[in-house]
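As a basis for the values below, the full set of heavy atoms in this structure was taken, side chains included, without hydrogen atoms, waters or symmetry mates.
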2 protein chains.
Amino acid sequence: MSKTKPKNSANSGLRPTSRALPIALLRTREHIMEPIRPMLAEIGLTEQKWRVLRILTEIGPLEQTAIARHACLLLPSLTRILSRMEADGLIRRAQDPDDKRRSIVQISKQGSALIEAHQPFSNQVYRDLEKKYGREKLDLLLDMLEEIQEIKF
Amino acid sequence: MSKTKPKNSANSGLRPTSRALPIALLRTREHIMEPIRPMLAEIGLTEQKWRVLRILTEIGPLEQTAIARHACLLLPSLTRILSRMEADGLIRRAQDPDDKRRSIVQISKQGSALIEAHQPFSNQVYRDLEKKYGREKLDLLLDMLEEIQEIKF
DNA sequence: TATTGTTATACTCTATAACTATA
DNA sequence: TATAGTTATAGAGTATAACAATA
């Protein structure tokens with residue numbers, strides 16, 4: 001019934017790390033990613049590249065500043081990542097004719113094929129999570145996470 | 001009432017990224033970290049070093065394998081991080097007399113002082129979050145995150 | 001034989017600033 | 001003047017393997 005308190009020494013008034021949101025989010029993410037990482041390693045994609053492909057699949061052709069925002073990447077990082085992905089044939093870049101500073105990034109057939117080939121695995125991981133955690137609770141959690149992201153600090 | 005669906009092209013049966021838990025967790029964490037990062041930069045700590053200090057404060061002297069697990073770091077990364085932190089006087093390492101393979105890491109006075117000096121800021125960020133998001137909801141969210149971390153995949 | 005931690009290596013990401021081209 | 005993206009650079013983290021010391 002009663003939770004065991006950490007028997008610590010110098011913890012004067014600081015929340016335990018399990019109740020510190022940034023750390024809790026990180027640990028949860030690491031835990032969730034554990035079964036997913038071997039799959040990404042197998043198809044030779046970093047998590048970052050994977051996110052870029054997912055976002056391009058979801059939204060469609062997109063300028064780089066927007067991709068960086070959606071994928072939680074800095075623009076200089078994205079530049080390098082996209083160069084490599086373009087060389088690997090996963091995406092294409094084209095100058096925006098209306099604003100020549102912009103370049104529009106689009107997923108390639110090969111990139112789409114990679115996403116599609118992975119989809120059964122991804123869905124299976126998700127179903128497993130639904131089964132072990134509960135569909136409604138998972139849905140609620142995703143709602144709650146979205147709501148936090150809308151807060152202005 | 002009805003949620004607006006993303007008007008995308010090739011999104012055949014894949015969850016939107018906002019409903020993919022690893023991405024949602026990452027975005028939420030980035031959003032939360034935004035006001036915290038300038039503070040860390042000011043005191044010259046990376047997020048990783050900050051986590052190590054927090055964990056040592058919470059649990060007390062700890063061997064490196066355990067720190068790595070709690071802080072979501074690989075052991076080789078931790079080795080380098082601790083070397084630097086030891087040189088900077090933030091932690092101390094001592095060989096475990098009972099098992100000479102192990103080394104026990106302990107936070108130093110200077111490290112504790114850094115944590116303490118930061119505490120008002122940390123608490124303020126947390127209160128701000130409670131105020132804008134709701135204390136009960138935040139507590140529920142932390143409970144839910146802890147529960148996910150206990151799932152066996 | 002297995003475990004703790006270190007070292008080595010190659011790759012990747014982060015963070016910041018300076019820069020180019022365009023608006 | 002401001003913005004989109006690139007390049008440069010220094011620092012840091014990731015991932016894997018090999019290793020030494022100890023159990």
Side-chain angles (χ1 to χ4, degrees), chain A residues 22-23 26-27 29-30 33-34 36-53 61-88 90-106, chain B residues 22 26 29-30 33-34 36-53 61-88 90-106:
Chain A
I23 294 179
L26 176 63
R27 285 177 179 159
R29 184 166 195 277
E30 287 301 303
M33 286 304 293
E34 213 167 287
I36 299 174
R37 273 194 239 278
M39 187 279 299
L40 288 178
E42 200 172 301
I43 59 180
L45 288 184
T46 61
E47 290 179 39
Q48 290 80 357
K49 287 175 184 169
W50 180 251
R51 289 204 298 277
V52 169
L53 288 184
L62 208 57
E63 62 189 68
Q64 301 191 30
T65 302
I67 297 175
R69 185 164 28 84
H70 288 292
C72 299
L73 290 167
L74 294 179
L75 213 34
S77 299
L78 187 63
T79 293
R80 190 186 22 73
I81 291 167
L82 289 179
S83 298
R84 185 59 198 270
M85 291 177 76
E86 192 171 29
D88 293 344
L90 297 174
I91 57 111
R92 279 191 306 269
R93 279 191 278 199
Q95 199 181 42
D96 182 344
D98 298 336
D99 182 344
K100 290 180 179 175
R101 292 172 306 182
R102 287 178 159 78
S103 71
I104 304 299
V105 181
Q106 194 171 357
Chain B
L26 176 64
R29 183 166 197 277
E30 287 300 304
M33 287 303 293
E34 213 167 288
I36 299 174
R37 272 194 239 280
M39 187 279 298
L40 288 179
E42 201 173 300
I43 59 181
L45 288 184
T46 61
E47 290 179 39
Q48 289 80 358
K49 288 175 185 169
W50 180 251
R51 289 203 298 277
V52 169
L53 289 184
L62 208 57
E63 63 188 66
Q64 300 190 31
T65 303
I67 297 175
R69 186 164 28 83
H70 284 108
C72 299
L73 289 167
L74 294 179
L75 212 35
S77 300
L78 186 63
T79 293
R80 191 181 25 67
I81 290 167
L82 289 179
S83 298
R84 186 59 200 271
M85 291 177 77
E86 192 171 30
D88 293 345
L90 298 175
I91 56 112
R92 280 190 306 270
R93 278 190 278 198
Q95 200 182 41
D96 182 344
D98 298 335
D99 181 344
K100 290 182 178 173
R101 292 172 306 181
R102 286 179 161 77
S103 72
I104 304 298
V105 182
Q106 194 171 358

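The distance between atom CZ of Arg102(A) and atom P of dT6(D), rounded to the nearest whole Å, is 13 Å. Taking atom CG of Leu40(A) as the reference point, atom P of dA15(D) lies 11 Å away to the nearest angstrom. One interatomic measurement links the two molecules: CD of Glu47(B) to P of dT14(D), which rounds to 11 Å at whole-angstrom precision. Going from atom CE of Met39(A) over to atom C1' of dA15(D) covers 17 Å, rounded to whole Å. Atom C1' of nucleotide dG5(C) and atom CD1 of Ile91(B) are separated by 13 Å, given to the nearest angstrom. To the nearest angstrom, C1' of dG11(D) lies 10 Å from NZ of Lys49(B). Rounded to whole Å, atom C1' of dT14(D) lies 14 Å from atom CG of Leu26(A). Rounded to an integer number of Å, the gap from Arg84(A) CZ to dT7(D) C1' is 19 Å.
Side-chain N/O atoms of Gln64(B) include one lying less than 4.0 angstrom from OP1 or OP2 on dT6(C). Residue Thr65(B) has a polar side-chain atom (N or O) positioned under 4.0 Å from OP1 or OP2 of dG5(C). Between Arg93(A) and dA4(D) there is no side-chain polar atom (N or O) within less than 4.0 angstrom of OP1 or OP2. Distances shown here put a side-chain N or O of Thr79(A) below 4.0 Å from the OP1 or OP2 atom of dT6(D). An OP1 or OP2 oxygen of dG13(D) is reached within less than 4.0 angstrom by a side-chain nitrogen or oxygen of Arg80(B).
Rounding to the nearest 0.5 angstrom, the gap separating the CD atom in Gln95(A) from the NZ atom in Lys100(A) is 6.5 Å. Annotation: the span from Ile43(A) atom CD1 to Leu53(A) atom CG amounts to 8.5 Å, rounded to 0.5 Å.
A salt bridge is defined here as a Lys NZ or Arg NE, NH1 or NH2 lying under 4.0 Å from an Asp or Glu carboxylate O, and Arg69(A) with Glu63(A) fails to meet this definition.
Distances were taken from every side-chain heavy atom of Pro76(B) (C-beta onward) to each of dA15(C), dA8(C), dG13(D); the shortest belongs to dA8(C). The Leu74(B) side chain lies nearest to dA15(D) when the options are dT16(C), dA15(D), dG5(D). With dC13(C), dA15(C), dG13(D) as the choices, the nucleotide that has an atom nearest any side-chain atom of Ile81(B) turns out to be dG13(D).
Between Asp99(B) and Lys100(A), the residue anchored closer to the 5' end of DNA chain C is Asp99(B), taking for each the nucleotide with the nearest heavy atom. Comparing Ala41(A) and Ile104(A), the nucleotide of DNA chain D nearest to each residue sits closer to the 5' end for Ile104(A).
Among the protein residues, Thr46(B) comes within range of the sugar-phosphate backbone only, with heavy atoms under 4.0 Å from sugar or phosphate atoms but none that close to a base. Looking at heavy-atom distances under 4.0 Å, Leu78(B) makes no contact with the nucleic acid at all.
Annotation: side chain of Leu73(A) is in contact with side chain of Arg51(A) (closest heavy-atom distance under 4.5 Å). For the pair Ile81(B) and Thr46(B), the minimum side-chain heavy-atom distance is 4.5 Å or more.
Looking at Arg101(B), its side chain comes within 3.5 Å of the base of dT3(C) through a donor and an acceptor atom.
If you check the side chains of Ser83(B) and Arg93(B), you find a donor sitting under 3.5 Å from an acceptor.
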